[in-house]
Number of protein chains: 2
Amino acid sequence: MTYSIGEFSKIVGLSEHTLRFYEKEGLIKVNRNDNNVRIYSDENKLWIESLLHLKNTGMSLKDMKQFAMWGHIGDETMEERLALLKNHRKKVVEEFEKLRQSLEHLDNKIYFYENELGDCFSKK
Amino acid sequence: MTYSIGEFSKIVGLSEHTLRFYEKEGLIKVNRNDNNVRIYSDENKLWIESLLHLKNTGMSLKDMKQFAMWGHIGDETMEERLALLKNHRKKVVEEFEKLRQSLEHLDNKIYFYENELGDCFSKK
DNA sequence: CCTTGACTTAGAGTATACTCTAAGTATTAC
DNA sequence: GTAATACTTAGAGTATACTCTAAGTCAAGG
């Protein structure tokens with residue numbers, strides 16, 4: 001399957017502006033037809049979804065750019081990409097643990113407030 | 001125990017600039033001595049730590065401001081604060097799950113790269 | 001007495017990641 | 001043939017959360 005920028009925008013949940021911006025930044029390579037119109041493929045879709053996962057873990061555009069650039073070069077950059085991912089993973093695991101702790105703190109706070117207010121006020 | 005802004009800055013890991021900024025924004029109320037110098041207390045420390053937990057879970061300054069403002073008003077705003085926390089908790093749980101999934105994705109990616117590169121290249 | 005550390009207001013600067021506008025052209029679908 | 005959708009460059013605008021500078025004052029400690 002192939003998609004126009006408008007269709008692709010809806011599918012991946014990024015605005016056309018953002019898609020062009022990502023392309024300009026080198027995060028994604030997109031084929032064009034004879035009229036210079038962007039033709040997105042399912043491969044592009046997988047790549048964007050992968051990028052969004054990296055973004056979800058807090059990777060900066062700069063690092064995603066580097067990762068994409070290496071990806072476009074080819075197999076000889078696999079080690080670099082692996083190193084980047086492993087390095088990033090460390091930070092994510094730390095962040096994950098911090099978030100877990102802060103969520104626990106939040107739960108304790110909520111528990112405290114509910115006790116203070118008494119059962120009659122506590123909602124589902 | 002009480003602390004000057006310099007000491008407190010080191011203890012809580014926020015710059016003096018940021019501490020004054022947070023105060024100006026209404027996130028924290030600080031006592032002053034006769035010379036108008038900020039005197040931070042252990043209570044302030046607990047409060048800041050609480051705020052930083054909320055910040056860790058991605059709460060915006062705007063929401064923290066609202067929460068702090070209600071806190072300063074007193075007990076009659078407990079329900080509002082509880083509602084804000086519960087509402088925020090929902091978002092955090094979603095975010096947490098998203099992060100978990102993205103971390104899983106990252107692990108799969110790393111696993112894939114390590115297989116591609118072969119055992120001789122995989123580092124601890 | 002002078003260095004250190006505190007205070008003030010007001011506003012400028014930084015970084016990230018978009019987000020949009022302008023102004024003009026081109027192609028496709030009805 | 002006109003509306004919708006696409007394209008371009010170049011740059012301006014937005015939001016968040018700091019982060020710092022200027023320019024001046026003030027008070028305590030060695």
Side-chain angles (χ1 to χ4, degrees), chain A residues 1-41 44 48 50-69 88 91-92 95 98 102, chain B residues 1-41 44 48-69 88 91-92 95 98-99 102:
Chain A
M1 270 298 281
T2 60
Y3 317 91
S4 69
I5 195 167
E7 293 163 344
F8 197 69
S9 164
K10 277 168 207 147
I11 292 168
V12 299
L14 295 173
S15 74
E16 300 184 19
H17 280 302
T18 301
L19 286 171
R20 292 195 190 102
F21 171 71
Y22 278 3
E23 188 181 347
K24 200 175 67 189
E25 293 293 300
L27 291 187
I28 182 171
K29 285 224 183 301
V30 186
N31 288 327
R32 308 291 184 109
N33 70 7
D34 291 345
N35 294 316
N36 202 34
V37 172
R38 289 172 181 83
I39 303 295
Y40 291 89
S41 65
N44 287 146
I48 282 280
S50 231
L51 277 188
L52 291 181
H53 272 295
L54 291 179
K55 190 163 148 14
N56 271 345
T57 60
M59 189 179 279
S60 66
L61 270 207
K62 205 180 146 222
D63 279 359
M64 287 197 275
K65 215 153 142 177
Q66 178 65 79
F67 185 77
M69 240 112 85
H88 181 62
K91 290 184 229 158
V92 177
E95 200 206 310
K98 246 172 78 180
S102 288
Chain B
M1 270 300 281
T2 60
Y3 318 91
S4 70
I5 195 167
E7 292 163 345
F8 197 68
S9 164
K10 279 169 207 148
I11 291 169
V12 299
L14 295 172
S15 74
E16 300 184 19
H17 280 302
T18 302
L19 285 172
R20 292 196 189 100
F21 171 71
Y22 277 4
E23 188 181 347
K24 200 174 68 188
E25 293 293 301
L27 292 188
I28 181 171
K29 285 225 184 299
V30 186
N31 288 329
R32 307 291 183 110
N33 70 8
D34 291 345
N35 294 315
N36 203 35
V37 172
R38 288 172 182 84
I39 303 295
Y40 291 89
S41 66
N44 287 144
I48 282 281
E49 281 162 0
S50 231
L51 278 188
L52 290 181
H53 272 296
L54 291 179
K55 191 163 145 19
N56 270 346
T57 60
M59 189 180 279
S60 66
L61 269 206
K62 204 180 147 223
D63 279 0
M64 288 197 275
K65 215 154 142 175
Q66 179 64 82
F67 185 76
M69 239 112 84
H88 181 62
K91 290 184 228 158
V92 176
E95 199 205 311
K98 246 172 78 180
L99 184 56
S102 288

Using only side-chain N and O atoms of Arg38(B), determine if any of them is under 4.0 Å from OP1 or OP2 of dT8(C).
->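 Answer is yes, contact under 4.0 Å.
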Can a side chain N or O of Arg20(B) be found less than 4.0 Å away from OP1 or OP2 on dA10(C)?
->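 No, Arg20(B) has no side-chain N/O under 4.0 Å of OP1/OP2 on dA10(C).
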Could you check if a side-chain atom of Lys24(A) sits within less than 4.5 angstrom of a side-chain atom of Arg20(A), using non-hydrogen atoms only?
->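 No, every pair of side-chain atoms sits at 4.5 Å or beyond.
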Heavy-atom check, side chain of Tyr40(B) versus side chain of Ile11(B), under 4.5 Å |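 No; the side chains remain at least 4.5 Å from each other.
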Give the rounded distance in Å between these two atoms: [atom1] of [X] and [atom2] of [N].
X        : N      : atom1 : atom2 : value
Tyr3(A)  : dT5(D) : OH    : P     : 19 Å
Phe8(A)  : dC7(D) : CZ    : P     : 13 Å
Arg32(B) : dC7(C) : CZ    : C1'   : 8 Å
Leu19(A) : dT5(D) : CG    : P     : 16 Å
Asn31(A) : dA6(D) : CG    : P     : 17 Å
Tyr40(A) : dT5(D) : OH    : P     : 16 Å

Under 3.5 Å donor-acceptor, Asn56(B) side chain and His53(B) backbone =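 Side chain of Asn56(B) to backbone of His53(B): no pair is present.
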Can you check whether Thr2(A)'s main-chain N or O pairs, donor with acceptor, with Ser41(A)'s side chain at less than 3.5 Å?
->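 Absent.
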Euclidean distance, Glu95(B) CD relative to Ser102(B) OG, rounded to 0.5 Å |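 One gets 10.5 Å once the value is rounded to the nearest 0.5 Å.
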CD1-CG distance between Ile39(A) and Asn33(A), expressed to the nearest 0.5 angstrom |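 It comes to 4.5 Å.
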Nearest heavy-atom pair of Leu51(A) and Leu27(A): which atoms, and what distance?
->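 Smallest interatomic distance, heavy atoms only, reads CD1-O, 3.6 Å.
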Identify the heavy atoms of Gly26(A) and Ala68(A) that sit nearest to each other, and give their distance.
->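 It is O-CB, 3.5 Å.
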Contact string for nucleotides 16-30 of chain C, one letter per nucleotide 5' to 3', B = base within protein heavy-atom range under 4.0 Å, S = sugar-phosphate only, - = neither, reads -SBBBB-----SS--
Roughly how bent is the helix from dC1(C)-dG30(D) to dC30(C)-dG1(D) end to end, in steps of 10 degrees, with each end axis from five pairs?
->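 The angle separating the two end axes equals 10°.
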Assign the ring pair Tyr3(B) / Phe8(B) to parallel, tilted or perpendicular, where the plane angle (0 to 90°) is split at 30° and 60°.
->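 Tilted: the ring planes of Tyr3(B) and Phe8(B) meet at 30° to 60°.
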